[in-house]
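In what follows, a structure is listed as structure tokens, so that the remarks can point back to it.
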There are 4 protein chains.
Amino acid sequence: MDKFSPYTDLAVEAAEALGIKEKDSRGVEVSTHESENASLTVVKITDKEGERCTGKPMGTYITIESPYMRENTPDVHREIKKLFAESLSKLCRLEKDGSVLVAGLGNRYVTPDSLGPKVINGIMVTRHIKDSLPEEIRDNVRPVSAVSPGVMGLTGIESSEIIKGIAERTRPSLIIAIDALAARKASRINSTVQMSDTGVAPGAGVGNKRSVLNKETMGIPVIAVGVPTVVDAATLVNDSLDCILDSMMEASDKGTDFYRTLKELAGEDKYAVISNSLDPYTENMFVTPKEVDAVVDTLADIISGGINMALQPEIDTENVNEYK
Amino acid sequence: MDKFSPYTDLAVEAAEALGIKEKDSRGVEVSTHESENASLTVVKITDKEGERCTGKPMGTYITIESPYMRENTPDVHREIKKLFAESLSKLCRLEKDGSVLVAGLGNRYVTPDSLGPKVINGIMVTRHIKDSLPEEIRDNVRPVSAVSPGVMGLTGIESSEIIKGIAERTRPSLIIAIDALAARKASRINSTVQMSDTGVAPGAGVGNKRSVLNKETMGIPVIAVGVPTVVDAATLVNDSLDCILDSMMEASDKGTDFYRTLKELAGEDKYAVISNSLDPYTENMFVTPKEVDAVVDTLADIISGGINMALQPEIDTENVNEYK
Amino acid sequence: MDKFSPYTDLAVEAAEALGIKEKDSRGVEVSTHESENASLTVVKITDKEGERCTGKPMGTYITIESPYMRENTPDVHREIKKLFAESLSKLCRLEKDGSVLVAGLGNRYVTPDSLGPKVINGIMVTRHIKDSLPEEIRDNVRPVSAVSPGVMGLTGIESSEIIKGIAERTRPSLIIAIDALAARKASRINSTVQMSDTGVAPGAGVGNKRSVLNKETMGIPVIAVGVPTVVDAATLVNDSLDCILDSMMEASDKGTDFYRTLKELAGEDKYAVISNSLDPYTENMFVTPKEVDAVVDTLADIISGGINMALQPEIDTENVNEYK
Amino acid sequence: MDKFSPYTDLAVEAAEALGIKEKDSRGVEVSTHESENASLTVVKITDKEGERCTGKPMGTYITIESPYMRENTPDVHREIKKLFAESLSKLCRLEKDGSVLVAGLGNRYVTPDSLGPKVINGIMVTRHIKDSLPEEIRDNVRPVSAVSPGVMGLTGIESSEIIKGIAERTRPSLIIAIDALAARKASRINSTVQMSDTGVAPGAGVGNKRSVLNKETMGIPVIAVGVPTVVDAATLVNDSLDCILDSMMEASDKGTDFYRTLKELAGEDKYAVISNSLDPYTENMFVTPKEVDAVVDTLADIISGGINMALQPEIDTENVNEYK
């Protein structure tokens with residue numbers, strides 16, 4: 001990783017920043033599949049060098065992008081749910097009767113961070129009723145439970161501690177952790193889903209979570225699912241500044257030295273310079289679209305619908321009521 | 001307990017139904033203290049006979065009643081918070097450095113059942129910051145954490161299992177469990193706080209919880225705090241019917257035999273008769289005041305404010321920001 | 001109307017209470033059509049006698065009933081939306097370019113009364129963009145606007161005054177007023193839609209509105225659309241009591257005189273007796289299902305989806321985004 | 001106004017950008033009063049030249065700033081409410097029996113734009129009950145009403161049209177319009193209240209409102225009250241860029257020409273350059289603090305409390321319930 005890398009939670013943006021579009025000697029592989037309404041990109045970080053240059057742990061990252069996610073187009077949303085469910089099934093590699101705990105991370109009271117708790121509301125939970133179901137359907141129902149641990153500022157406890165406590169008592173085979181993310185490009189906000197088999201990395205996401213949820217800490221596999229809902233303010237300034245400098249360099253030859261100074265700086269502590277240039281209060285600020293309050297409900301519906309499909313392949317999860 | 005007893009979560013109403021106003025041979029003691037804006041009643045269930053006739057577990061139940069709780073009177077609310085904090089401190093009997101986990105039971109998406117989760121929002125949590133506080137104030141801050149486990153219909157897991165999992169990892173000295181309750185008298189709705197050292201009993205409250213949170217199941221003391229926000233529909237009909245029959249008996253001597261039939265019935269299965277008389281769908285119905293959506297916020301503020309005062313006696317909890 | 005008639009906003013229940021199932025000499029006509037997932041009933045009040053005995057103003061009332069409305073069955077919901085849209089189109093009898101103001105009555109902060117404001121969120125509004133649309137589609141778009149006036153307790157102004165003020169400035173051809181209603185039978189709660197060409201009657205609904213919205217007061221036709229979300233507490237007791245007395249009369253001959261007394265009373269002031277038997281605070285109470293918070297969102301989606309279909313027959317309103 | 005002026009709704013920031021700290025020949029007067037917990041600044045735009053250079057209409061702008069507004073300090077909030085009420089009273093210059101319509105502008109479903117609708121919930125409305133009050137207090141109660149018109153994207157109608165329609169029917173003496181604003185400095189977000197006698201200017205605020213609410217359009221005086229809850233993304237980049245360039249100029253003499261180029265540009269279309277440098281989707285983005293969801297409730301409480309005090313000087317508005 002360069003000394004300065006504007007922050008992103010998306011592996012696809014980390015690869016993009018390195019200019020990697022296919023297989024790369026640096027332990028990063030990228031492949032892309034386009035369909036009419038969505039594109040699907042798989043990024044594999046295959047070794048320590050890949051980890052170093054992308055800043056992401058080794059594993060597989062699948063990203064689905066579609067501008068329709070933030071629009072009122074339920075027919076396209078059904079397509080995206082199916083695509084998402086297929087990819088998630090592959091990542092999860094669950095046995096037929098493996099049980100799952102879905103964890104909705106984030107703060108339900110901060111809109112761009114409320115994705116996780118909102119997804120939880122849409123999850124078809126079955127763990128508590130499986131035994132009371134008629135025998136002929138019981139075997140088709142996977143035991144699923146779902147919790148929102150809340151954020152440490154409101155609970156006084158790390159999310160990971162809460163999830164671990166619950167997992168130790170309920171013994172799921174797998175955890176799926178949902179979280180809101182930060183992206184670099186505004187165009188990806190609210191229109192991208194990333195899922196990975198690496199768990200939730202420290203410091204990631206909107207809420208500055210400090211705890212890690214992965215196979216190592218939880219003792220069972222952890223699949224992370226996230227949607228970027230914000231851009232970091234310093235990243236926004238950085239990218240805007242680069243864009244301005246580039247266009248000015250083209251238009252003029254006057255500023256060459258100055259530009260060079262700035263470029264040199266870039267190798268060192270440009271992020272610090274930019275952060276310092278921001279009002280101290282800005283540090284706690286989101287850049288987020290006006291319509292985030294409405295879109296986050298749609299996104300939660302897509303994610304929870306896709307998870308239900310992936311976890312209960314034998315059930316028409318979109319029209320089932322009796323399990324509620 | 002009589003064969004039919006209209007449902008109430010309030011020990012004070014159970015004692016009232018038995019006509020007990022002071023010490024009673026049946027293992028129930030009642031004492032009342034009136035102040036200008038509130039009344040405080042202590043009910044002690046002292047033996048097995050007391051448990052049998054009230055249907056409540058042995059222990060101490062303190063009830064504060066004030067019609068001002070559901071009104072816009074912050075000055076009176078401050079008084080009630082102080083009264084509540086004093087009573088709660090006595091029940092908790094905490095060591096100076098004993099840590100506390102506050103558990104907000106109930107369903108945040110069903111207004112009359114959302115008291116618990118709403119109280120959690122107002123709790124001053126300190127467990128995660130105590131070690132980073134300046135030494136001179138650190139000793140004055142009790143470690144407090146707070147969680148809302150959600151309801152089993154949405155999580156697939158019993159609330160008690162979730163709380164136990166979290167308590168096993170975080171090792172508090174005491175649990176305070178907040179819950180919405182059902183009362184018999186409509187006049188007590190949203191204007192009564194009950195706290196007890198007995199924990200949360202099975203089947204209690206608005207949400208038909210089946211799991212028990214008490215010292216036995218949790219391994220540490222559990223203090224229950226609740227506010228009645230609903231009346232059971234069958235209880236409403238029963239009490240209305242009794243009232244009608246009584247007034248008709250006074251006015252007429254015609255129905256004596258019929259009345260007797262009904263009275264005899266009362267000893268057996270009057271509750272079943274009434275339940276059958278209700279539309280089957282009514283079983284899932286609340287009787288709740290129109291203004292419950294607004295009042296539950298006020299109640300949550302009173303409860304969380306009172307808990308903060310009780311747990312952090314050295315801090316002006318009403319004007320502290322830095323611990324958030 | 002009998003001296004005591006338990007309260008209902010549904011014409012279909014008023015007819016039911018009179019035992020009317022087809023055409024009736026008393027100025028009431030009823031016809032019913034059953035389909036697989038829903039039933040549709042048309043009640044016509046054709047003269048003053050019909051008004052008197054039903055307590056409802058003259059006009060046409062169309063009721064769609066389906067238990068699926070309160071279940072998670074989007075496929076059936078699409079069917080119901082279409083059925084609703086067809087019926088609404090017939091009632092509205094709009095010219096191709098007639099403009100419509102949709103008014104969402106009720107209190108958004110009281111869940112069972114929040115239907116109207118929630119429907120407004122789903123209405124496709126077009127009045128402000130029609131002129132900027134490409135010419136080829138402009139003619140296919142009806143100008144629609146939508147407002148939630150709020151309730152008098154929060155605004156200090158009658159809803160009807162607010163709507164009239166807005167209508168006078170914006171000159172719609174028709175008003176569609178949405179409101180939460182009270183039903184008599186619990187089984188109809190959250191599973192019934194009533195629409196009528198009579199406007200919104202005084203004293204109707206959940207919120208004790210005192211103002212009338214109809215052709216006479218507004219100067220343009222007013223179509224009322226409502227869903228019952230509550231049962232009146234006194235009505236609940238009354239119906240339960242009737243049911244108990246009937247079953248006891250069958251089982252015994254003892255209470256004959258008493259029963260007669262009660263029957264006689266029924267002709268006079270039984271409602272008053274029951275109201276008096278209730279705790280004074282009960283007067284302000286709803287009987288409403290536990291799941292009302294979740295169901296009201298589904299109902300709002302059905303109603304707004306159906307209105308959009310009825311008002312914009314040339315547009316695929318379920319998948320349109322660009323007009324938002 | 002310079003060709004480029006980063007956007008702000010605050011007159012105090014417009015004056016600041018011009019370097020005006022006291023009386024100025026350009027038709028702008030500034031005076032500041034500091035108290036322990038808050039500062040109060042009065043900006044008067046006194047002529048056309050003042051309008052031109054600040055971009056704000058002629059009139060008086062009073063700004064109260066206090067970092068405590070966004071903290072949990074109810075005791076300081078009471079002070080701020082009083083200070084706000086005093087200033088507002090002076091601006092309103094109401095006769096004892098003058099009636100007031102409070103209008104909460106903005107979108108309740110977009111958190112940083114929801115201030116107006118949230119303030120409305122806290123306004124003590126009296127217009128509908130004044131006549132039914134006991135004679136001895138009736139004269140002490142000013143008739144107040146309160147509405148949230150909603151935003152054009154959701155209603156299809158300009159807010160100003162809705163307010164005008166309601167005002168024409170209810171005939172208030174004065175309108176107070178509440179709105180969320182955009183500030184230039186992040187440190188002012190959620191900690192500043194501006195009130196003015198100029199009404200609400202076109203294009204102002206978070207929601208790109210296009211309609212004007214002022215004495216000219218409404219026929220009665222319009223007082224505007226607002227709190228900045230967002231920073232414009234392009235403004236953030238601009239100010240960050242200036243800050244970076246300044247610090248680099250100090251550290252080096254290399255970039256002089258380049259800097260000059262940029263400065264020259266500043267006089268022309270720097271804002272356009274910056275806007276172009278942003279991702280197109282960023283145009284619809286807010287820069288807003290993480291805690292905005294929680295803080296906006298506190299701000300609404302301060303504003304509604306202050307308005308109640310200003311409008312009902314004879315009543316202890318903080319502890320009155322009977323008028324609700």
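Every heavy atom of this structure was used, including side-chain atoms; hydrogens, water molecules and symmetry mates were not. For clarity, every value in this text was computed on a predicted model and none was experimentally measured.
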Non-hydrogen side-chain atoms of His128(C) and Glu158(D) separated by less than 4.5 Å: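 His128(C) vs Glu158(D): side chains apart.
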
Report yes if the side chains of Leu154(C) and Ile120(D) come closer than 4.5 Å at any heavy-atom pair, otherwise no.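 Not touching, per the 4.5 Å side-chain cut-off.
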
Tell me, yes or no, whether the heavy-atom count around [X] atom [atom1], taken from other residues, nucleotides or ligands under 6.0 Å, exceeds 12.
X         : atom1 : answer
Glu136(D) : CD    : yes
Arg78(D)  : CZ    : yes
Arg93(D)  : CZ    : no
Lys130(D) : NZ    : yes

Atom pair [atom1] ([X]) and [atom2] ([Y]), whose distance is rounded to the nearest 0.5 Å:
X         : Y         : atom1 : atom2 : result
Arg108(D) : Asn121(C) : CZ    : CG    : 9.0 Å
Leu101(C) : Thr155(D) : CG    : OG1   : 9.5 Å
Met152(D) : Ser145(C) : CE    : OG    : 12.0 Å

Chain C contact via Lys164(D) - side chain, backbone, both or neither, heavy atoms under 4.5 Å: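 Both parts, backbone and side chain.
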
Residue among Ile162(C), Val147(C), Ile157(C) with most heavy-atom pairs under 4.5 Å to chain D: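 Top count of heavy-atom pairs under 4.5 Å with chain D: Ile157(C).
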
May I ask you to decide whether Glu161(C) forms a salt bridge with Arg127(D), counting only side-chain N to carboxylate O separations under 4.0 Å?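 Looking at Glu161(C) and Arg127(D), the cut-off is met.
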
